[in-house]
Amino acid sequence: MQKEIIRNMSNKVRVRFAPSPTGPLHIGGVRTALYNYLFAKKHGGTMILRIEDTDQGRFVPGAEEYIIDSLSWLGIKFDEGVHVGGPFGPYRQSDRKAMYLEYCDTLVNNNWAYFAFDSAEDLEALRKQFEAEKKSFQYDAQTRVTLKNSLTLPKEEVEKLLADGAPYVIRFKMPAHEEVHINDLIRGHVVVKTETLDDKVLFKSDGMPTYHLANIVDDHLMEITHVIRGEEWLPSAPLHVMLYKAFGWEDTMPQFAHLPLLLKPDGNGKLSKRDGDRLGFPVFPTQWTDPKTGEVSSGYRESGYFPEAVINILAFLGWNPGTEQEIFTMEELIQAFSIERISKSGAKFDLEKAKWFNQQYLRQHDNEFLALSFEILLEQKGIINSDHEMVLKIIELIKERVSFVNELWEQSKFFFVAPDTYDEQVIKKRWKEDTAQHLKSLADIINNTITHQREPLHDNVVQYITDNSLNMGQIMNCLRLVIVGAGMGPDLFTIIEMIGKEESIKRINKGINSINN
RNA sequence: GGCCCGUUCGUCUAGAUGGCCCAGGACGCUAGGUUUUCAUCCUAGAAAUCAGGGGUUCGAAUCCCCUACGGGCUACCA
């Protein structure tokens with residue numbers, strides 16, 4: 001009753017993201033969730049999280065929580081789902097178990113499905129046998145008449161088997177000579193002949209439905225209007241269309257959109273869990289520890305990516321707005337998104353571009369936010385009770401030099417600790433016989449400068465260089481070398497001002513000793 | 001093997017109804033400038049005979065066909 005009212009009230013968009021809890025969600029899955037979310041929000045629709053846990057053998061503890069938490073970190077919110085409830089629940093297929101058999105029975109009664117008693121071993125043997133003859137076995141209109149099922153067995157025997165509790169599956173009775181037409185929102189019109197399709201199992205002998213059955217029943221019951229999923233589902237889409245037909249639900253069948261795949265950055269093929277840590281970028285939104293093996297897979301969050309950046313990166317892998325704008329907030333993505341602008345071909349993940357996106361977002365964050373993040377990092381480096389004002393100043397100085405928060409340390413550690421190594425390249429190029437002597441004089445000059453401020457310090461040092469007709473680049477770079485440890489970093493005198501005269505002089509002496517020995 | 005999908009610079013891609021495209025942008029790369037360093041920033045540049053071949057057309061990256069290559073699926077997994 002309630003559902004009828006909802007349906008009649010509007011033909012509002014309702015989409016679902018339907019992962020199975022077999023492990024952490026990889027970025028391909030995250031992108032699917034994102035596109036569903038963008039589409040739903042664009043049309044003022046409803047975004048649903050449904051957990052497809054019909055394969056009890058592949059259930060992984062913690063995976064469902066992981067999916068919810070990682071999507072939440074990314075800002076992908078659900079209107080209905082396992083974790084938030086809603087009028088179309090339950091949203092976990094194992095909790096809907098009871099209803100599937102009922103639907104399956106109507107299919108059997110209408111001659112759209114049948115009981116099959118062939119054991120997994122029998123079928124396996126058959127497959128082997130076919131293979132030996134260089135043919136491939138398919139349980140279909142041609143072979144089903146030779147197999148052990150309610151189509152070939154006498155009615156009494158079927159009833160007896162069922163009554164005796166013999167293991168069985170229910171298979172879809174795929175018609176022999178029909179054409180299935182799919183109008184995919186991304187790929188256009190696709191036609192498939194039913195004779196190339198097999199009699200897929202709808203209901204397993206363990207009492208659970210397969211994905212195919214559960215997904216159609218649930219999408220129908222949950223009044224899903226658009227199914228946006230990965231291209232790997234395209235081959236089974238004809239079966240799904242046939243199921244809608246068999247149930248008599250064609251009129252409310254959702255529209256399909258099959259997304260292009262996310263490919264390995266090197267070579268070809270679908271991006272897989274293994275690729276990430278092999279190629280130096282995460283494939284998971286957040287870090288995941290395998291509950292069985294204890295194996296840890298890195299995540300974007302732990303690698304220092306901002307959630308906004310990950311969203312932006314993923315949004316552009318397979319979609320673009322057709323304008324030159326590349327940096328998009330979630331709100332802007334929602335406004336700009338359309339299924340028509342999703343590309344058909346697979347996209348490779350580009351690590352360099354991903355870094356660039358993160359850098360753009362890092363620059364957008366205010367210094368206060370970055371300082372707070374950096375202070376956590378500093379504590380891990382053993383810098384306790386750092387002066388907040390100083391950290392803020394440092395952020396300002398080096399913000400433009402990094403793409404990730406965790407790169408801030410490399411770019412600024414000389415503000416906190418004296419260098420204990422000195423860049424060999426710089427030594428080789430700049431360090432001369434008389435360098436140590438000049439640096440000693442500069443230490444005196446710094447010491448004798450009345451204030452610790454940048455300007456007078458700078459002027460006095462430059463004065464010394466000009467007075468002695470020295471090479472500016474050589475002396476300055478050597479001074480930088482002993483203060484910073486390398487030929488990098490922001491304005492030298494700003495650094496000296498910030499670490500103080502005393503510390504600077506110490507570093508000059510330490511540097512001279514280390515380098516000259 | 002069978003079925004299905006795809007193919008524009010190294011990568012992500014732009015390219016409504018064929019002419020404005022000897023193909024545009026971004027990342028990366030190269031060079032120069034700024035910065036007495038490095039990074040940033042600025043400027044310039046290299047980079048796709050639009051997978052190949054046939055058509056259709058006055059005209060095709062854009063339409064049609066074929067081929068090649070790549071990918072997905074082919075479980076009582078999703």
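Below, chains carry the letters A, B, ... as their sequence lines are ordered, and counting in each starts from 1.
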Using atom [atom1] in both nucleotides, what's the gap between [N] and [M] to the nearest angstrom?
{"N": "B/G28", "M": "B/A46", "atom1": "C1'", "value": "13 Å"}
{"N": "B/A48", "M": "B/U11", "atom1": "P", "value": "12 Å"}
{"N": "B/U57", "M": "B/C63", "atom1": "C1'", "value": "10 Å"}
{"N": "B/U67", "M": "B/G2", "atom1": "P", "value": "13 Å"}
{"N": "B/A61", "M": "B/C20", "atom1": "C1'", "value": "15 Å"}

Could one point to a donor on the side chain of A/Arg58 or the base of B/C77 with an acceptor on the other under 3.5 Å away?
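Answer yes: a donor N or O sits under 3.5 Å from an acceptor.
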
Would the base of B/C76 count as contacting A/Ser205 through its side chain, where contact means a donor and an acceptor less than 3.5 Å apart?
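Yes, a donor-acceptor pair under 3.5 Å.
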
Pair partner, B/C20 [Watson-Crick or wobble, under 3.5 Å]
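Base partner found: none.
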
Now, which nucleotide makes the Watson-Crick or G-U wobble pair with B/A47, with each of the two distances under 3.5 Å?
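Partner of B/A47: none.
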
Check the distance between B/C73's C1' and A/Trp233's CH2 and give it to me in whole angstrom.
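Spelled out: CH2 on A/Trp233 to C1' on B/C73 is 10 Å.
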
Using a heavy-atom cut-off of 4.0 Å across all strands, would you classify A/Ser345 as base, sugar-phosphate, or nothing?
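Sugar-phosphate: the residue A/Ser345, judged by heavy atoms under 4.0 Å, touches backbone atoms but no base.
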
Give A/Gly318 one of three labels, base, sugar-phosphate or nothing, depending on what nucleic acid heavy atoms sit under 4.0 Å from its own.
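Sugar-phosphate contact only - A/Gly318 comes under 4.0 Å of backbone atoms but never of a base.
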
Is the distance between the ring centroids of A/Tyr168 and A/Phe115 under 6.0 Å?
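Yes, close enough.
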
Can the ring centroids of A/Trp288 and A/Tyr66 be said to lie less than 6.0 angstrom from one another?
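Ring centres of A/Tyr66 and A/Trp288 closer than 6.0 Å.
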
Given 3.5 Å as the limit, does a donor-acceptor pair link the side chain of A/Asp275 with the main chain of A/Ser272, or not?
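Side chain of A/Asp275 to backbone of A/Ser272, a donor-acceptor pair under 3.5 Å: yes, one is there.
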
Taking A/Asp350 first and then A/Lys353, would you say they form a salt bridge - that is, a charged N and a carboxylate O separated by under 4.0 Å?
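A/Lys353 and A/Asp350: not salt-bridged.
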
Look at the side-chain N and O atoms of A/Arg430 and state whether any lies under 4.0 Å from the OP1 or OP2 oxygen of B/U37.
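Indeed not, no polar side-chain atom of A/Arg430 lies that close.
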
